[in-house]
Amino acid sequence: MSWSPQQEQAIAAVRAWLADPHGAQVFRMFGYAGTGKTTLAKELAGEVKGVVLYATFTGKAALVLRKKGCDGASTIHSLIYRVEVDDRTGEANFILDRDCALATAALLIVDEVSMVGDDLARDLLSFGRRVLVLGDPAQLPPVKDEGFFIKAKPDVMLTEVHRQARDNPIIRMSMDIRAGKALAAGSYGDSLVIGQRQIDRDELAQRVLGADQLLCGLNRTRTNYNARIRQLKGLHGRNRPWHPATGDRLICLRNNSDKHLFNGGLWDAEEVTDIGGKLSVIARSLDEDRDPVEVTVFEQFFNGSEKDIPWQEKRGTHEFTFGWAITVHKSQGSQWSNVIVFDESGAFREARRNHLYTAVTRAAERVTVIV
């Protein structure tokens, strides 16, 4: 490989960290999309004596890593936890697995670290192994307790997009966004930027149905598009049309460590039962290879009136809603092949660039931006 001077400096810095047995446990190598973070990490991994593991927050991001040649990339959760089923209740509990592969690994490389929260990071670091984390500061700031690694300053910051990446239309779009340029309407390879008034309603419907994920900025837009997509797909609940149905896509809204549920995780509804004001849902994760889980959700989460539920009554329940369309904030840490973005970045003022940048770079192969 031919490295730029900036990349050579990054390699030297990581090599020095790896060679120092008394160095920090974590090394932060941050960089913009197209600067070669993953490629550099793979190069460095090949020099390490011992087992090198790759992990990321979501299953989709792990799949992208595997496609880039990071063999065995997995979610952090599947790497460090094991499932124990209570014989009496049948409840599945996720326990830190002290005998997992990380316990003896020479190095762990974690990509897309913006979604890693404090508790998960502490569990990860409790194994005492060296961790090289990769992040992108041009993305939206993490929300709530997320972003344990991204909150600190990088040890290395990559800013130069390498030549091959500049030819990638999605990377080209992301560079324009970072530079403060408006995305001009037109084709960018297989990707497209088009105004809402310029796209035919039927064509839009076909694009939406053909996409892997729809992203938007505002919750009211998310609600409207989830309803529209469900209508296009012919999905409606058994007792009420706005209840989820078998085949619906759901998104988790709140962490639950007992059931190994994580805010932003996507699920398929396999069975839905109305239990009087609440819904019992058997759901299968789209992010991890694991058994389905049964969750209990107030029906109000599916018609937008969940704020009316007293917090005391939420104890013992779970929080899910429709996930065909999700906000860009919820998309962080994930990536899909084909993404549709309804650009509402203007609503975020100072974070406008970060919002659109994050949305566009969630696409691995093709993005349609509707402005």
Side-chain angles (χ1 to χ4, degrees), residues 11 14-15 17-29 37-86 92-135 146-150 155 255-262 264-266 284-293 333-335:
I11 290 172
V14 178
R15 281 175 178 160
W17 168 69
L18 288 169
D20 182 1
H22 305 295
Q25 183 181 3
V26 177
F27 190 98
R28 292 167 171 82
M29 182 163 69
K37 297 187 298 294
T38 307
T39 304
L40 288 175
K42 281 173 53 186
E43 174 76 10
L44 291 156
E47 302 174 2
V48 174
K49 293 180 180 180
V51 174
V52 178
L53 302 174
Y54 296 91
T56 190
F57 185 79
T58 69
K60 293 178 192 64
L63 177 61
V64 171
L65 276 183
R66 292 195 294 272
K67 287 181 177 179
K68 291 179 179 179
C70 301
D71 296 337
S74 68
T75 63
I76 298 170
H77 310 111
S78 62
L79 174 63
I80 66 173
Y81 298 109
R82 70 175 187 274
V83 180
E84 289 187 357
V85 179
D86 189 306
N93 297 309
F94 289 81
I95 310 297
L96 201 60
D97 184 2
R98 289 294 174 191
D99 296 321
C100 72
L102 181 58
T104 55
L107 176 67
L108 172 66
I109 297 173
V110 183
D111 197 11
E112 292 277 4
V113 294
S114 65
M115 294 288 284
V116 180
D118 292 2
D119 291 343
L120 183 59
R122 291 191 184 98
D123 281 350
L124 194 64
L125 297 178
S126 69
F127 287 86
R129 314 314 294 176
R130 287 289 186 87
V131 183
L132 172 63
V133 299
L134 313 178
E146 295 162 359
F148 177 91
F149 294 110
I150 205 81
D155 297 290
N255 293 340
N256 182 295
S257 57
D258 290 339
K259 283 193 176 285
H260 198 50
L261 305 176
F262 296 92
L266 290 170
R284 182 177 295 275
S285 175
L286 293 173
D287 298 320
E288 298 182 76
D289 183 13
R290 55 177 290 193
D291 291 335
V293 299
S334 291
Q335 203 169 38

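Keep in mind that what you see is a predicted model, and the values were worked out from it rather than measured.
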query = Arg284: what forms a salt bridge (Lys or Arg N to Asp or Glu O under 4.0 Å) with it, not counting sequence neighbours?
reply = Glu270

note = In short, Val133 meets Val26 closest at the heavy-atom pair CG2-CG1, 4.1 Å

Those residues that, when tested against Leu63, pass side chain to side chain contact (heavy atoms under 4.5 Å, CB included) (two or more places apart) = Arg66, Lys67

note = Arg130 and His22 have their tightest heavy-atom pair at NH2-N, 4.2 Å

ask   = Is there a donor-acceptor contact under 3.5 Å from the side chain of Asp155 to the main chain of Arg28?
value = yes

task = State which residues pass side-chain hydrogen bond (donor to acceptor under 3.5 Å, both in side chains) with Asp123; sequence neighbours excluded, sorted by chain then number.
result = Tyr81

remark   = Hits for side chain to side chain contact (heavy atoms under 4.5 Å, CB included) against Ile11, two or more places apart or cross-chain, chain-then-number order -> Trp3, Arg15, Leu40, Leu44

message = How close do Gln335 and Val64 get, counting heavy atoms only, and between which atoms?
response = OE1-CG1, 3.1 Å

query = Between Lys42 (side chain) and Lys68 (backbone), is there a donor-acceptor pair under 3.5 Å?
reply = yes

request  = Can you see which heavy atom on Leu132 is nearest to which on Ala41, and at what distance?
outcome  = CD2-CB, 4.3 Å

request  = Name all residues meeting the side-chain hydrogen bond (donor to acceptor under 3.5 Å, both in side chains) criterion together with Arg82; count only those two or more places apart in sequence or in a different chain, and write none if there are none.
outcome  = Glu84

ask   = Side-chain contact, heavy-atom cut-off 4.5 Å: Phe149 with Val110?
value = no

remark   = Correct closest heavy-atom pair for Ile150 and Gly135 would be CD1-CA, 3.9 Å

ask   = Any idea which heavy atoms bring Ser74 and Leu79 closest together, and the distance?
value = OG-CB, 3.8 Å

Could you list the donor-acceptor pairs under 3.5 angstrom formed by side chains in residues 96-109, with sequence neighbours left out?
from: Asp97; atom 1: OD1; to: Asp99; atom 2: N; distance (Å): 3.0
from: Arg98; atom 1: NH1; to: Ser126; atom 2: OG; distance (Å): 3.1
from: Arg98; atom 1: NH2; to: Ser126; atom 2: OG; distance (Å): 3.2

Separation of Phe262 CZ from Asp287 CG (nearest 0.5 Å) = 10.5 Å

query = Should the ring pair Trp17 and Phe27 be called parallel, tilted or perpendicular, given that the plane angle runs from 0 to 90° and is split at 30 and 60?
reply = tilted

key: Pairwise distance CD1(Ile76) to OG1(Thr58) - rounded to 0.5 angstrom   = 9.5 Å

task = For Gln25 and Leu125, indicate whether the former's side chain and the latter's backbone hold a donor-acceptor pair under 3.5 Å.
result = yes

note = residues 48-57 vs side-chain hydrogen bond (donor to acceptor under 3.5 Å, both in side chains), sequence neighbours excluded, gives none

key: Pair listing, side-chain hydrogen bond (donor to acceptor under 3.5 Å, both in side chains) test, anchored in residues 106-117, at least two apart   = Glu112-Arg362

message = Ser334: which residues meet the side-chain hydrogen bond (donor to acceptor under 3.5 Å, both in side chains) condition with it, sequence neighbours left out?
response = none

ask   = Who are the side chain to side chain contact (heavy atoms under 4.5 Å, CB included) partners of Val293, not counting sequence neighbours?
value = Leu261, Trp267, Arg290, Val295

message = Are Leu124 and Phe148 packed together at the side-chain level, in the sense that at least one heavy-atom pair is separated by less than 4.5 angstrom?
response = no

